[in-house]
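In what follows, chains carry the letters A, B, and so on, assigned in the order in which the sequence lines appear, proteins first and then strands, with residues in each chain numbered from 1. Model, not experiment: these values are computed from the prediction.
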Amino acid sequence: MSDAEHEYDESMMMMDEDEETALEIAALQQDLLPKPKKSPIYRKEGLSALLDEISQKGLEWIQRCDITSPAPIVVTKTEDDLERELQFYQQGLEAVMQARQKIQKAGVPFTRPDDYFAEMVKTDAHMAKIRQRLLSERKGIENAEEAKKQRELRKYGKKIQQEKLKGREDQKKAALDKVATIKKRLRSGDLGGADDFEIDVDSDDGAGSRPGKKGR
Amino acid sequence: MATLYKTAQTEFKDVDDILEEREQRSSIKQRVLMVASRGVTYRQRHLMTDLEALMPHAKKESKVEAKQEMGVLNELAEIHNCNNVFYMEARKHQDLYLWISRAPSGPSVKFLVQNIHTMDELKMTGNCLKGSRSVLSFDATFDGEPYLQLLKEILTQTFGVPKGARRSKPFFDHVYTFSVVDGRIWFRNYQIVEKDAETGGDMAKNAKPTLVEIGPRFVLNPIRIFEGSFGGPTLYENPRYVSPNAVRAAIRAQKSAKYANRVADIAEHEANVQANPLPVDPLKDVFD
């Protein structure tokens with residue numbers, strides 16, 4: 001396999017793992033896996049003796065730099081990635097806080113100064129690829145947001161337009177109706193002893209009750 | 001020997017004392033020999049390269065033949081003056097077993113490595129100095145059981161970069177976390193970022209740093225702990241360990257069970273049909 005292929009499609013890998021895990025869980029539930037041993041070997045005294053033998057007594061802490069967390073980690077569901085990774089993160093963070101104090105007390109430099117340039121574990125080209133991916137991801141999200149907003153605006157704009165058109169039509173219709181009513185009244189107006197000013201044709205419309213109009 | 005004598009003369013020390021001092025200093029130096037067996041996949045090979053980049057006190061060796069070479073590994077370690085060995089054994093071009101052993105006579109552990117994600121994956125955005133020392137963070141669960149205490153000691157001595165190792169850098173750039181979840185050891189590698197998140201400038205003193213994952217990440221499932229290096233009597237056997245072969249066999253058994261059930265159902269149906277024939281219809285020939 002050429003080295004150019006080490007950027008595997010992560011989603012593909014995750015799918016394989018998920019499939020595997022699902023099948024494993026199903027097999028476990030079906031009770032098909034061999035049962036755990038009844039009496040596994042566990043020689044505690046031998047282990048403790050060996051531990052005493054290989055532990056580096058008398059070695060200063062600064063040579064080892066190991067921190068043990070005060071409380072054991074508790075993860076309720078192993079499959080819950082977020083919770084699990086959060087616990088690991090917390091554990092690491094607490095350890096760093098403690099270690100920083102101890103290391104600085106031992107007089108060893110902890111923080112890397114800004115002008116210290118040396119070979120890094122990931123090459124600059126690789127970091128550029130990571131940055132590119134982050135940028136394109138962010139741009140993708142932004143574009144999706146823009147498109148959604150435009151769609152909403154268009155819908156809203158369309159609604160406003162329709163309402164306006166409808167309003168205009170209604171007004172037109174109302175005006176025509178009024179004219180029709182006035183004409184009818186005129187034809188039968190003298191018989192009915194209608195009010196000369198014809199104020200009550202349209203009580204809320206100011207146009208019909210202009211004093212100059214005498215029924216034309 | 002001449003220098004010994006001279007130092008003894010000038011510093012008024014006993015020769016024995018000087019030898020003891022030299023021994024103590026050299027016992028601090030941990031050197032790890034990294035070897036892989038033949039038949040590693042590309043992902044496992046990249047994992048090994050990543051670990052080699054992170055551990056400046058490690059020396060990588062060429063591939064060895066799987067079955068024969070386990071006894072030879074101790075000799076290889078002695079040749080290269082390494083007191084720890086990391087041996088990655090690949091089986092069936094699929095499963096990766098990791099042996100960590102103290103070379104001359106010390107204990108050895110065999111793990112099954114699962115869920116491997118190498119540093120190449122673009123979701124892990126952190127970076128650190130090549131060969132910088134790291135903080136090792138262990139879960140409190142490690143202090144609960146004797147076998148976990150031993151594992152903790154072995155992991156510290158193997159993964160921890162000794163002070164003043166030849167290719168190491170002076171600052172503390174990253175932190176390894178080892179946690180015990182579900183009976184397995186989960187490994188994560190984070191970069192310590194001490195810059196302010198928004199401004200990018202230096203943080204206030206005693207403010208909390210942020211951690212960004214660098215990778216690689218993997219899960220170690222302990223199988224056995226042996227008293228000797230690559231052999232010897234077993235001190236601990238993990239009762240919850242199921243070999244990947246057994247898991248695959250169980251999955252296949254499940255699939256074959258489906259087919260077997262179907263065949264059985266068809267046979268049952270046929271027998272049923274034979275046993276209960278349809279009653280004769282008196283009006284069958286009416287429209288012929």
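To the nearest 0.5 Å, the span separating SG on A:C65 from CZ on B:R133 amounts to 4.0 Å. With values rounded to the nearest 0.5 angstrom, B:I116 atom CD1 is found 12.0 Å from B:H46 atom NE2. To the nearest 0.5 angstrom, B:L47 atom CG is 7.0 Å from B:L96 atom CG.
With a 4.5 Å cut-off on non-hydrogen atoms, B:I214 touches chain A through its backbone and its side chain both. If you measure heavy-atom distances from B:S134 to chain A, the contacts under 4.5 Å come from the backbone alone. Looking at B:F178, only its backbone comes within 4.5 Å of chain A, counting heavy atoms on both sides. Residue contact with chain A, scored on non-hydrogen atoms closer than 4.5 Å, involves the side chain of B:V181 exclusively. Interface remark: A:R131 contributes no atoms to any contact with chain B (heavy atom separation under 4.5 Å). With a 4.5 Å cut-off on non-hydrogen atoms, A:V108 touches chain B through its side chain but not through its backbone. Neither the backbone nor the side chain of B:D50 has a heavy atom closer than 4.5 Å to any heavy atom of chain A. Both the backbone and the side chain of A:A118 come within contact range of chain B, judged by heavy atoms closer than 4.5 Å. Both the backbone and the side chain of B:L211 come within contact range of chain A, judged by heavy atoms closer than 4.5 Å. For a residue to count as touching a neighbouring chain, one of its non-hydrogen atoms must lie under 4.5 Å from one of that chain's; by this rule B:E153 touches chain A with the side chain only. When heavy atoms are compared at a cutoff of 4.5 Å, A:P109 approaches chain B by way of both its backbone and its side chain. Using a 4.5 Å cut-off between heavy atoms, B:D173 touches chain A through its side chain atoms alone. Contact annotation for B:T156: only side-chain heavy atoms (C-beta onward) come within less than 4.5 Å of a heavy atom of chain A.
Using modelled atom types, one finds no donor on one side chain facing an acceptor on the other under 3.5 Å when comparing A:R64 with B:Q157. No hydrogens or angles considered: a donor-acceptor pair under 3.5 Å links the side chains of A:Y42 and B:E145. A donor atom on one side chain and an acceptor atom on the other are not found under 3.5 Å apart for B:S108 and B:S229. Side-chain contact check for B:S243 and B:N245: no donor-acceptor pair (N or O, by modelled atom type) lies under 3.5 Å. Side-chain polar atoms of B:T234 and B:R224 form a donor-acceptor pair below 3.5 angstrom. Remark: the A:E83 side chain and the A:T76 side chain contain an N/O donor-acceptor pair separated by less than 3.5 Å. B:T41 and B:H93 are not linked by any side-chain donor-acceptor pair at a separation below 3.5 angstrom, with hydrogens and angles left out of the test. Of the N and O atoms on the side chains of B:Q30 and B:N83, at least one donor lies less than 3.5 Å from an acceptor on the other residue.
Options A:L50, A:I54, A:V74, A:I62 differ in how many heavy-atom pairs under 4.5 Å they form with chain B, and the most are formed by A:I54. The greatest number of non-hydrogen atom pairs below 4.5 Å with chain A, out of B:D143, B:N127, B:L155, is found for B:N127. Per-residue heavy-atom pair counts under 4.5 Å with chain A were compared for B:L54, B:L150, B:T141, and the maximum is reached by B:L150. If you tally non-hydrogen atom pairs under 4.5 Å between each of A:A99, A:P72, A:G92, A:S55 and chain B, the highest count goes to A:P72. In terms of heavy-atom pairs under 4.5 Å with chain B, the best-connected choice from A:V96, A:V121, A:I130 is A:V121. The most heavy-atom pairs under 4.5 Å with chain B, out of A:E85, A:Q101, A:E45, come from A:E85. Interface summary for chain A: among B:G164, B:P107, B:P170, the most heavy-atom pairs under 4.5 angstrom belong to B:P107. When each of B:G160, B:C128, B:S132, B:G106 is scored by its heavy-atom pairs under 4.5 Å with chain A, the top score falls to B:C128. The choice from B:G131, B:G126, B:P233 that makes the most heavy-atom pairs within less than 4.5 Å of chain A is B:G126. Between chain A and the residues B:V161, B:V180, B:L129, the largest count of heavy-atom pairs under 4.5 Å involves B:L129.
When all heavy atoms of B:L151 and B:P222 are compared, the closest pair comes out as CD1-CB, 4.4 Å.
B:N238 places a side-chain N or O within 3.5 Å of a backbone atom of B:R240 that can act as its donor or acceptor partner.
Taking the six-membered ring for Trp and thresholds of 30 and 60 degrees, B:Y147 and B:Y236 have nearly parallel ring planes, at less than 30 degrees apart.
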*List the steps and the verdict of side chain to side chain donor-acceptor pair (under 3.5 Å) for B:S179 and A:Q91.*
CA-CA 9 Å; B:S179 326; A:Q91 182 194 324; 3.0 Å; yes

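Identified by a heavy-atom distance below 4.5 Å to chain B, contributing residues of residues 159-169 of chain A are lacking entirely.
Legend: residues meeting side-chain contact (heavy atoms from CB on, under 4.5 Å) with A:V179, ordered by chain and number and at least two apart, are A:K183.
For the pair B:K152 and B:F138, the cation-pi criterion (under 6.0 Å, within 45° of the ring axis) is fulfilled.
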